[in-house]
Number of protein chains: 2
Amino acid sequence: MTDAQAAFAKPSPKQMADAIRVLAMDGVEKAKSGHPGMPMGMADVATVLYSKFLKFDASRPDWADRDRFILSAGHGSMLIYALLHLTGYKEATKEQLENFRQWGSRTAGHPEYGHLAGVETTTGPLGQGLATSVGFALAERHLAARFGKDLVDHRTWVVAGDGCLMEGVSQEAIALAGRLKLNKLCVLWDDNEITIDGKVSLSDATDQLARFKASGWAVKAIDGHDHKQIQKALAWATKQSKPTLIACKTKIGKGAATMEGSHKTHGAALGATEIAATRTALHWPFAPFEMPEGIQKAWAKVGKQGAKTRKAWEARLLNHAQRDDFTRAMAGDLPTGAFEALDAKLKQLVADKPALATRQSSGEALETVFNAIPEMIGGSADLTGSNNTFVKDTQILDAPDYAGRYLNYGIREFGMAAAMNGLALHGGVIPYGGTFMAFADYSRPAIRLGALMGVRAIHVLTHDSIGLGEDGPTHQPVEHLAALRAIPNLMVFRPADTVEALECWQVALQHKKTPSGMCLSRQKTPAVRLTDAGENLSRKGAYELKAANGVAKVTLFGTGTEVALALKAAETLEAEGVPTRVVSVPCFELFEQQPKAYQDAVIGRGTVRVAVEAAIKQGWERFIGEDGGFVGMTGFGASAPAEVLYREFGITAEAVVEAAKARL
Amino acid sequence: MTDAQAAFAKPSPKQMADAIRVLAMDGVEKAKSGHPGMPMGMADVATVLYSKFLKFDASRPDWADRDRFILSAGHGSMLIYALLHLTGYKEATKEQLENFRQWGSRTAGHPEYGHLAGVETTTGPLGQGLATSVGFALAERHLAARFGKDLVDHRTWVVAGDGCLMEGVSQEAIALAGRLKLNKLCVLWDDNEITIDGKVSLSDATDQLARFKASGWAVKAIDGHDHKQIQKALAWATKQSKPTLIACKTKIGKGAATMEGSHKTHGAALGATEIAATRTALHWPFAPFEMPEGIQKAWAKVGKQGAKTRKAWEARLLNHAQRDDFTRAMAGDLPTGAFEALDAKLKQLVADKPALATRQSSGEALETVFNAIPEMIGGSADLTGSNNTFVKDTQILDAPDYAGRYLNYGIREFGMAAAMNGLALHGGVIPYGGTFMAFADYSRPAIRLGALMGVRAIHVLTHDSIGLGEDGPTHQPVEHLAALRAIPNLMVFRPADTVEALECWQVALQHKKTPSGMCLSRQKTPAVRLTDAGENLSRKGAYELKAANGVAKVTLFGTGTEVALALKAAETLEAEGVPTRVVSVPCFELFEQQPKAYQDAVIGRGTVRVAVEAAIKQGWERFIGEDGGFVGMTGFGASAPAEVLYREFGITAEAVVEAAKARL
């Protein structure tokens, strides 16, 4: 052991925190980009949290009963990368730290879910880590109610910055967490008074402690560099009956020789000179990414200290009556027979041919699966009756027993969608939640993040067109189908009738790694699938619903409530001697995954092609080509009864017929 | 006068409020849809506000110094329609009330800006009226600083419901208003404890008074049916040095015979039986939409009582030194010579050929117009340096003098965009504000509402592709161009170089009724417009940037930073003997407005067509047809340096050449 190393033989907590600081500043310096200020500022808090409180075992990042650590201030990603590296997470190697922010590395600019075990959720878009953490904390409470404390008893710790707290979604999150009394959720606010543009006071004068308190949180302020205060506060947090906020007063870039406290440490490398001076100031003579043995050992010990608890938990699981169910649920697998009732209902529907709004059809689908799949947790952003998301006799998920399966999310679309991501990421829960489709704009940032992470969250989006009627253009989706279809890895379903609604729900539930948007009508529409196909046709994304009588001259495409218009138009055309096919397109994305031969057959290039959808054309060229006909919207809707709007905006079977004839 | 009428000869304030109640319940009943509960609940507050405080003259809805009344809880639209009708706004006829929510009427389901004078902003998407009102109140403070109290001295009154307060954007709005000490903003909260799904307590336990107080508001709670308390509270509000919240405890559906206080009055007609019973209970024997003479007179008097003040103001304006400037600014007209510096700079640029990031080019554009157009107010959601939105030496717009022209919006993208709508709607201000383009998802609901209303708000969206680099996929727009282009009446600009950036800014500023998104690169890109075209080519949306040498065999399309790739590819193709055109497409929407012949000429159908854009393909079929080539993204980005990402995702000149050759 060299003299330099000897000084770290039995490192103090401060020295352990300095290890994080140095890794952060060196990682950013090597990448020539990144955010050193936040990891340096929160190194002390993180050190106390990981070494004294966080329940984890670095060798088993997938331990179901681990505490969850969420870095809501995701730009400070070197904080979590340093912690995972130091505590011995296998994937978080020195090479990974050295390749911070480089192509192919696991250490992306912001923590990305699925890249590195120990990263529980993707963060970076501010406020969302905090909002997602509500879902994590809620999943824990619910699963504890379902499986008992022996299997489920862990905490959710969040590091959030000023940006997270300024974003509006933070209010939705804290109000929801406060209302639900999620006492095992603790937010560690990096109260450094600095944002990118300068001091927080430039743009904010909010008393955050008072604000959180107003929403039902227990709050406390501490010196975020005083390890004793930190330890005391974290201990306090574990004893509260409410969610807790600890305001950790810190200096951004803490430890930096001359730049400590400056917003210049926020989003750029410190530079060679400052880094050299900081090494001196911290008495840290080691090369970048090199850790003295004492530090290595001390942190490795932290990484292992949960092993005993983990093993005891595994032993409990082994003998637990609900073992198989718990394991299955956490793996995200559906129970055997999950779709028995759905399959039976499908057979019945082709006989019954109900004319329902597709939101009602979605409700019927839920009736068949909700009780068969106990992981499903429903909810709505205060539109339960309109969204048809509530299954009869379901208990409300609420304090104090949390066994219920339906959430009153409140008028908080974004917060709901983010919480749904957290519920799904935690595991053991399959969330769905409803709002009006126009307000997918509100929840869009979380829908996108869910798509990026690949989580099974099902967004029920009702009132999917001008068919909403009198509420008018603010509430009528026009561009939302196109805008949602634009999001990669999101399945956007628009079922045409009850059969398709059941099929789409089945597909959505079967995709573990893809979120779905279920776009559903307010207004009634006739049944269009009148025979039993013997398979789930919606799974193919698009399929021939009606063949032409003879060699097809025309192909009509439609989705949702407009499929009925296409069928009616086809009837007219056929009556006039024009052989016409009708293709239903419940999901663009699934269609793109079909073999090319199938796609070509469905599209029918040799025919005149016309699509009808009560929305804008963007994206439909994929089906109708450059010269195809499109019957839909070209601008915003209006306030009037639905049938008047369809007529006035010219979305009619007659218009479809005309568009086809004009091209024959 | 009949006996029935005699009882209303000198109506009490309560009777005046009942007139609103009856109109609301009858309007909704006639339409068989709508929201009677809120107007009935807030009728007392509205009556006191309009009759004792609101500065307005019903005969001059466009009086610049009127108080602004914002119905943030827009579903209660019958409240404002009733008020406008009773006080004598010309357009708000009895027929309009009778045609509530019908095709072609001015009385849409939610109040729509531009349909009916007296409706200051479109509301309905919850929280946004409140967030927009911050812009109104701020515009007032700023214009008062610019033109003086003689011309500008009015208040902004907002009626908000529980839904508005639950939405996260409300926090961004109240924190911003509190920080800016907008003391002439008063929010009247309809504290009725009811949401659609039932009691507010189902989903919320927030102490709203404490929450507003924490963000710097003065707060007060009153009985919202006690006219004396209301009057006292409104008087109190006019004397505060902070924005004010008045919690008006009300009963939803107040006055309804048996349903008062029930969430059933929220969103549906009361029904004939309840309405008859309510008529009896309110001693209101008149037919639907029929007002007793006394009520008519009393309300008409309210509508006229501001006339004297308005006339005095007009007299002051007539003799005011800044009259012409004020009138021009409020009309939204640009000053003479607004683009002199810009035009001069354009000429210089074709000589200088600077290689800049287009965000820098946008900054250059701002340098040429910001001081020439004093109505412009800039800002950023805490990304000033990155967005290049700050023009040197600009004073910050802040309390107490408000004369500045740059806003620190804080980390509040949605709140910023909504405030920008309010600034624009107030008049006298042309707002622009910056954030990263990926976070247009956060501000999207307000961008959409601005497009629906037709306001000149310019959204500066920098870091417009994977060219953002190391921050990774959360921060890299991929689907955002398509998603923004999907919004009707929004101009989405993506300039290719400094010349185009200046041109796009000019077009954006010249469109009074269309918001713009200015999509700008983080990374440098060469100049592509090397000669003076003598006109603003970006105005056409797309134009031939480079002609083919000979009869064109290939047309390459590009936008923004990828235009340079298209030019490079064209060079290679030409060298290999393939005559190739290059078309720059700075704005899809403007292209669609060109004559068909121009469109056809630009698109060049007979040629092989390939587009390159570092984003998804959706929407490009319009240019490249069904079989054209597209070089772009098919999924989310990644964290790495920009040039690595372009290479790894295959967005290169070589790929463009290959895509063209494969089709030759």
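Letters A, B, ... mirror the listed sequences (proteins, then strands); counts begin at 1.
- At least one donor-acceptor pair under 3.5 Å links the side chain of A:Asp382 to the backbone N or O of B:Ile196.
- Residue B:His75: no heavy atom, backbone or side chain, is found under 4.5 Å from chain A.
- Between A:Ile411 atom CD1 and B:Ser203 atom OG the span is 6.0 Å, to the nearest 0.5 Å.
- Here A:Gln618 is the residue among A:Lys617, A:Gln618, A:Arg485, A:Gln208 with the most heavy-atom pairs under 4.5 Å with chain B.
- Using a 4.5 Å cut-off between heavy atoms, B:Ala638 contacts chain A through its side chain alone, with no backbone atom that close.
- Contacts between B:Thr474 and chain A at a heavy-atom distance below 4.5 Å involve backbone atoms as well as side-chain atoms.
- Residue pairs meeting the salt bridge (Lys or Arg N to Asp or Glu O under 4.0 Å) criterion with at least one member in residues 203-215 of chain B, sequence neighbours excluded, are A:Arg412-B:Asp204.
- Contacts between A:Phe390 and chain B at a heavy-atom distance below 4.5 Å are absent for every atom of the residue.
- Between chain B and the options A:Leu449, A:Thr195, A:Thr107, A:Leu165, heavy-atom pairs under 4.5 Å are most frequent for A:Thr195.
- Put simply, CZ on A:Phe636 and CE on B:Met453 are 10.0 Å apart, with the number rounded to the nearest 0.5 Å.
- Taking chain A as the reference chain and counting heavy-atom pairs below 4.5 Å, the highest number among B:Ala108, B:Gly472, B:Ala31 is found for B:Ala108.
- For a residue to count as touching a neighbouring chain, one of its non-hydrogen atoms must lie under 4.5 Å from one of that chain's; by this rule B:Ser386 does not touch chain A.
- For chain B, the option among A:Ala482, A:Gly385, A:Pro473, A:Gly216 with the highest count of heavy-atom pairs below 4.5 Å is A:Pro473.
- Proximity to chain A (any heavy atom under 4.5 Å) is shown, for B:Arg448, by both the backbone and the side chain.
- Using a distance-only test at 3.5 Å, with no hydrogens or angles considered, no donor-acceptor pair links the side chain of A:Gln171 to the main chain of B:Ser170.
- Heavy-atom pairs under 4.5 Å with chain A peak, among B:Thr123, B:Thr206, B:Asp398, at B:Thr206.
- Looking at B:Ser33, only its side chain comes within 4.5 Å of chain A, counting heavy atoms on both sides.
- Contact record, A:Ala214 with B:Ala210: CB-CB, 3.7 Å, taken as the closest heavy-atom pair.
- For A:His115, no part sits under 4.5 Å from any heavy atom of chain B, backbone or side chain.
- B:Asn489 CG to A:Glu479 CD: the interatomic distance, rounded to the nearest 0.5 Å, is 11.5 Å.
- Annotation: maximal heavy-atom pairing with chain B below 4.5 Å, among A:Gly163, A:Gly619, A:Ala205, occurs at A:Gly163.
- Looking at A:Ile487, the atoms closer than 4.5 Å to chain B (heavy atoms on both sides) sit in the backbone and in the side chain alike.
- Proximity to chain A (any heavy atom under 4.5 Å) is shown, for B:Leu383, by both the backbone and the side chain.
- Only the backbone of B:Gln476 comes within contact range of chain A, with at least one heavy atom under 4.5 Å from a heavy atom of that chain.
- Using a distance-only test at 3.5 Å, with no hydrogens or angles considered, no donor-acceptor pair links the side chain of B:Tyr442 to the main chain of A:Gly168.
- The backbone N or O of B:Arg444 lies less than 3.5 Å from no partner atom in the side chain of A:Asp441, so there is not a single donor-acceptor pair.
- Contact annotation for B:Asp627: only side-chain heavy atoms (C-beta onward) come within less than 4.5 Å of a heavy atom of chain A.
- For B:Glu112, the part lying under 4.5 angstrom from a heavy atom of chain A is the side chain only.
- Proximity to chain B (any heavy atom under 4.5 Å) is restricted, for A:Phe439, to the side chain, taken from C-beta onward.
- Options B:Arg605, B:His480, B:Gln128 differ in how many heavy-atom pairs under 4.5 Å they form with chain A, and the most are formed by B:Arg605.
- A:Phe212 pairs by the ring-ring contact (aromatic ring centres under 6.0 Å, His included) definition with A:Trp217, not counting sequence neighbours.
- Contacts with chain A were tallied for B:Gly124, B:Pro125, B:Ala483; B:Pro125 has the most, counting heavy-atom pairs under 4.5 Å.
- Checked by atom type and distance alone, the side chain of B:Ser639 pairs as donor or acceptor with a backbone atom of A:Gly109 at under 3.5 Å.
- Taken from NE2 in A:His35 to CG in B:Asp471, the straight-line distance is 5.0 Å, to the nearest 0.5 Å.
- With respect to B:Leu202, the side chain to side chain contact (heavy atoms under 4.5 Å, CB included) criterion is satisfied by exactly one of A:Thr384, A:Ile396, A:Asn408: A:Asn408.
- Between the side chain of A:Glu470 and the backbone N or O of B:Arg101, no donor-acceptor pair lies under 3.5 Å.
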side-chain contact (heavy atoms from CB on, under 4.5 Å), that's the test. Do B:Glu167 and A:Glu413 meet it? Break it down for me. CA-CA 8 Å; B:Glu167 291 287 358; A:Glu413 299 81 8; 2.7 Å; yes
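- Heavy-atom pairs under 4.5 Å with chain B peak, among A:Gly410, A:Gly469, A:Ala486, A:Gly267, at A:Ala486.
- Taking CD from B:Glu172 and CE from A:Met166, the interatomic distance works out to 10.0 Å, rounded to the nearest 0.5 Å.
- Looking at B:Ala451, the atoms closer than 4.5 Å to chain A (heavy atoms on both sides) sit in the backbone and in the side chain alike.
- Between chain A and the options B:Glu621, B:His110, B:Gln102, heavy-atom pairs under 4.5 Å are most frequent for B:His110.
- Most heavy-atom pairs under 4.5 Å with chain A, from the set B:Trp620, B:Phe436, B:Phe100, B:Trp103: that is B:Trp103.
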